[in-house]
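Everything on this sheet refers to the single structure shown next.
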Amino acid sequence: MAKVTEETAISYIRDAEKYAKAKLNGAELSEKIYLQVENMKGVSQKVLDYAKKKNVTIIDDISKLPGL
């Protein structure tokens with residue numbers, strides 16, 4: 001995310017947040033939403049705070065996901 005503006009990063013989070021209340025065959029899904037980035041060092045605190053507020057977890061290593 002170091003290669004995009006904070007506004008672009010926030011728009012990615014908004015897009016990911018849409019899946020929080022997704023439905024499958026009429027049943028609401030209750031999975032956590034993860035947004036994978038290439039490098040956490042490039043993610044600003046403002047973006048991290050926004051993601052937390054929207055219940056989107058930003059990760060840089062998919063192997064850190066629970067259950068993998």
For [X] versus [Y], what's the shortest heavy-atom pair and its separation?
X	Y	answer
Val43	Val47	CG1-CG1, 3.8 Å
Ile59	Met40	C-SD, 4.0 Å
Ile33	Ala16	CG2-O, 3.5 Å
Ile13	Ala51	CD1-CB, 3.7 Å

Exercise for review: Please say which of Lys46, Gln45, Lys52 ends up in a side-chain hydrogen bond (donor to acceptor under 3.5 Å, both in side chains) with Asp49.
Suggested key: Gln45

Review point. Among side-chain atoms of Thr8 and Thr5, is any donor-acceptor pair under 3.5 angstrom?
Key: yes

**Study point:** Steps toward side-chain contact (heavy atoms from CB on, under 4.5 Å) verdict (Ile58, Tyr34)
**Key:** CA-CA 6 Å; Ile58 298 176; Tyr34 293 92; over 6 Å; no

Practice item. Show the numbers, then the answer: is there a side-chain contact (heavy atoms from CB on, under 4.5 Å) between Tyr50 and Arg14? Key: CA-CA 9 Å; Tyr50 185 78; Arg14 275 192 219 113; 3.4 Å; yes

Review point. Roughly how far, to the nearest 0.5 Å, is the NZ atom of Lys53 from the CD1 atom of Ile10?
Key: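 Answer for the CD1-NZ pair, Ile10 versus Lys53, is 9.5 Å.
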
Review point. Val4 versus Tyr12: any side-chain heavy-atom pair under 4.5 Å?
Key: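 In short, these two side chains touch, coming nearer than 4.5 Å.
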
Check your understanding: Mind checking whether Asn55 and Glu17 have side chains closer than 4.5 Å, heavy atoms only?
Key -> no

